[in-house]
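Single-structure report; data block below.
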Amino acid sequence: MVELAYATMRIQCFGVAREIAGGSSITLDQVEGATVADLRQRLVATYPAFGELVSFAIARNEEYARDEEQIMAGDELVIIPPVAGG
Amino acid sequence: MVELAYATMRIQCFGVAREIAGGSSITLDQVEGATVADLRQRLVATYPAFGELVSFAIARNEEYARDEEQIMAGDELVIIPPVAGG
Amino acid sequence: MDNSDTLHDILLSDRPLSLEHCRDFVSHPSCGGLCFFVGTIRDVNLGETVTHLEFEAYAPMAVKEMRKIAVAARDRFGLHAVALHHRTGDLAIGDTAVIVAVSSKHRKPAFEGCEFVIDELKKHVPIWKKEFRPDGSHWLNARP
Amino acid sequence: MDNSDTLHDILLSDRPLSLEHCRDFVSHPSCGGLCFFVGTIRDVNLGETVTHLEFEAYAPMAVKEMRKIAVAARDRFGLHAVALHHRTGDLAIGDTAVIVAVSSKHRKPAFEGCEFVIDELKKHVPIWKKEFRPDGSHWLNARP
């Protein structure tokens, strides 16, 4: 079971994502090796309110991630709901 | 001859017009009743360097004057060489 | 123009922003045109009274994205320098949320580059704002 | 938006111009976008070294024309307020010759209105500048 614990990953939440998640991060297991598209699908499945947003992106290591990118151990993952700076 | 003296008009000069005129104003007689086009022609005839400018306008009472406007006693007349503000 | 990375000044801060600082940063003897955009908090949005706003940022990525935009603007419009400062935290009506300052030899690229920077910021930089009205609050742009 | 004549601030002065003054004049709780253009004296023009500039104005008409442009910009772009300040006299490299400041609900008309004001100023306002180079001086734009 130690291995499963290692495999959990924390996904940071800001703005409306923090409200939807009910906290500043979401912890999911079996994210390593999944694609960004997989992660987005799981997030919507777990928190249907993400599907009601105009859009949301995933940032991986402080860059916008493409859907086909594969998530690796140690990645910094962040949910980016529609931005509204300025 | 008093009437002739009354009829002289002073035309103010700025920028390159001041250099061409050799002073801050030009005094001409028989300007009253002439059109702005007439005045421009006389200025070029008297100071050919005005004809070498990119353009020059006449301001009458602090407004750009159209060629067909007639000059009246008491008008404030100013030669406006190409502007270069900013 | 010098393409040194030192010719952009990126700031994300919970303290008031300074137009004078941005002006001084971008000014240069070779530049004849400076253009600035200052975004301030409005008292009305979409017809509704606003009492204040709260800005939140994913700071390290926001700064990276702001820097990318500044570099892109300098390259694309031949700008001399770009300053891009953004506030975080609670802002009151009239407060400055963002300052864009650019300098250029001539004025046309200064206007174009300044507008490009603020347009791109609003599209890509991970900053969010929550609008507070007398009857509640909501994150802007989030829902259709 | 209020169309009062008090919502433009026109200045022709032989003293240094203040960006802060212009910012404060145009700022308003209903405005989310402020755009500024600052025209400064460049050290090089058309490849030639410039040592300083001298600005001369036909002051009463210049102020009238500046006011007309400010009014036209407010009408045309739905701006809240316009400040238009211009220097006269001797200016050194880096000095500010002109400041345009406009405020608007949204940013697009702020950019458009600000650019309109400086473009119109350069076409119509009776202000002239003499450029001084190491080898002499001449009035700009005057001769082909």
Side-chain angles (χ1 to χ4, degrees), chain A residues 9-28 31 36-37 39-41 43-86, chain C residues 10-13 17 37-42 45-46 50 53-69 84-88 91 95-100 114-131 136-144:
Chain A
M9 289 187 80
R10 198 170 69 93
I11 301 130
Q12 293 181 63
C13 300
F14 289 94
V16 73
R18 195 159 36 76
E19 288 191 354
I20 290 171
S24 63
S25 68
I26 291 170
T27 304
L28 293 177
V31 173
V36 167
L39 175 59
R40 289 164 47 89
Q41 277 186 332
L43 287 168
V44 173
T46 316
Y47 302 89
F50 281 126
E52 293 158 16
L53 298 178
V54 171
S55 68
F56 73 98
I58 300 294
R60 183 172 161 251
N61 303 327
E62 304 179 357
E63 305 275 350
Y64 284 103
R66 294 181 311 280
D67 268 354
E68 63 274 22
E69 286 181 33
Q70 203 173 30
I71 294 163
M72 321 250 274
D75 279 353
E76 177 171 313
L77 298 173
V78 178
I79 299 168
I80 309 283
V83 302
Chain C
I10 307 299
L11 179 71
L12 186 69
S13 170
L17 307 181
F37 176 77
V38 175
T40 55
I41 308 303
R42 286 194 299 145
N45 188 24
L46 304 174
V50 175
L53 289 182
E54 177 192 326
F55 283 79
E56 184 170 301
Y58 172 28
M61 179 172 165
V63 167
K64 277 190 184 179
E65 291 290 321
M66 289 161 77
R67 190 176 293 122
K68 284 182 197 171
I69 293 168
L84 178 51
H85 289 193
H86 203 294
R87 270 296 291 279
T88 57
L91 273 75
D95 280 354
T96 294
V98 62
I99 299 175
V100 182
C114 189
E115 193 165 14
F116 171 85
V117 169
I118 186 66
D119 286 352
E120 292 296 303
L121 178 134
K122 285 172 177 273
K123 280 187 255 178
H124 304 302
V125 178
I127 297 175
W128 300 275
K129 56 180 171 240
K130 192 172 191 174
E131 185 176 272
S137 67
H138 68 289
W139 291 97
L140 288 174
N141 297 6
R143 294 196 167 83

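Remember, predicted model here, so these are calculated numbers, not experimental data. Reminder, nothing fancy here: chain letters follow the sequence lines and each chain counts from 1.
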Comparing A:Ala59, A:Ala49, A:Pro81 against chain C, the one with the most heavy-atom pairs below 4.5 Å turns out to be A:Pro81

Got A:Val31 and A:Leu77 here, is their nearest side-chain heavy-atom distance under 4.5 Å?
yes

Which donor-acceptor pairs fall under 3.5 Å between chain A and chain C:
from: A:Gly15; atom 1: N; to: C:Glu56; atom 2: OE2; distance (Å): 2.6
from: A:Arg18; atom 1: NE; to: C:Glu56; atom 2: OE2; distance (Å): 3.4
from: A:Arg18; atom 1: NH2; to: C:Glu56; atom 2: OE1; distance (Å): 2.2
from: A:Arg18; atom 1: NH2; to: C:Glu56; atom 2: OE2; distance (Å): 3.2
from: A:Glu19; atom 1: OE2; to: C:Lys130; atom 2: NZ; distance (Å): 2.8
from: A:Glu19; atom 1: OE2; to: C:Trp139; atom 2: NE1; distance (Å): 3.0
from: A:Val54; atom 1: N; to: C:Ala142; atom 2: O; distance (Å): 2.8
from: A:Glu62; atom 1: OE1; to: C:Lys64; atom 2: NZ; distance (Å): 3.1
from: A:Glu63; atom 1: OE1; to: C:Lys68; atom 2: NZ; distance (Å): 2.5
from: A:Tyr64; atom 1: OH; to: C:His124; atom 2: O; distance (Å): 2.4
from: A:Glu76; atom 1: OE2; to: C:Tyr58; atom 2: OH; distance (Å): 2.4
from: A:Pro81; atom 1: O; to: C:Trp128; atom 2: NE1; distance (Å): 2.9
from: A:Pro82; atom 1: O; to: C:Trp128; atom 2: NE1; distance (Å): 3.4
from: A:Val83; atom 1: O; to: C:Asn141; atom 2: ND2; distance (Å): 3.1
from: A:Ala84; atom 1: N; to: C:Ile127; atom 2: O; distance (Å): 2.7
from: A:Ala84; atom 1: O; to: C:Lys129; atom 2: NZ; distance (Å): 3.1
from: A:Gly85; atom 1: N; to: C:Ile127; atom 2: O; distance (Å): 3.4
from: A:Gly86; atom 1: N; to: C:His86; atom 2: NE2; distance (Å): 2.8
from: A:Gly86; atom 1: O; to: C:Lys129; atom 2: NZ; distance (Å): 2.8

Got a second to check how far [X]'s [atom1] is from [Y]'s [atom2], nearest 0.5 Å?
{"X": "A:Cys13", "Y": "A:Ile26", "atom1": "SG", "atom2": "CD1", "result": "4.0 Å"}
{"X": "A:Ile58", "Y": "A:Asp67", "atom1": "CD1", "atom2": "CG", "result": "9.0 Å"}
{"X": "C:Leu84", "Y": "C:Leu121", "atom1": "CG", "atom2": "CG", "result": "5.5 Å"}

What do the steps show when you test C:Met61 against A:Ile80 for side-chain contact (heavy atoms from CB on, under 4.5 Å), and what is the final call?
CA-CA 11 Å; C:Met61 179 172 165; A:Ile80 309 283; 4.3 Å; yes

Check each atom of C:Ala142 against the heavy atoms of chain A and say whether the ones under 4.5 Å are side chain, backbone, both or neither.
both

Contact part of C:Ala62 toward chain A, heavy-atom cut-off under 4.5 Å: side chain, backbone, both or neither?
neither

Could you walk me through whether C:Val38 and C:Leu17 pass the side-chain contact (heavy atoms from CB on, under 4.5 Å) test, one step at a time?
CA-CA 10 Å; C:Val38 175; C:Leu17 307 181; over 6 Å; no

Determine, step by step, whether C:Leu11 and C:Ile99 satisfy the side-chain contact (heavy atoms from CB on, under 4.5 Å) criterion, reporting the C-alpha distance in whole Å, the side-chain angles of both residues, the deciding distance to 0.1 Å, and the verdict.
CA-CA 10 Å; C:Leu11 179 71; C:Ile99 299 175; over 6 Å; no

Full working for side-chain contact (heavy atoms from CB on, under 4.5 Å) between C:Ile127 and A:Val83:
CA-CA 6 Å; C:Ile127 297 175; A:Val83 302; 5.9 Å; no

Which answer fits A:Val78, side chain, backbone, both or neither, if we ask what part of it has an atom under 4.5 Å from a heavy atom of chain C?
side chain

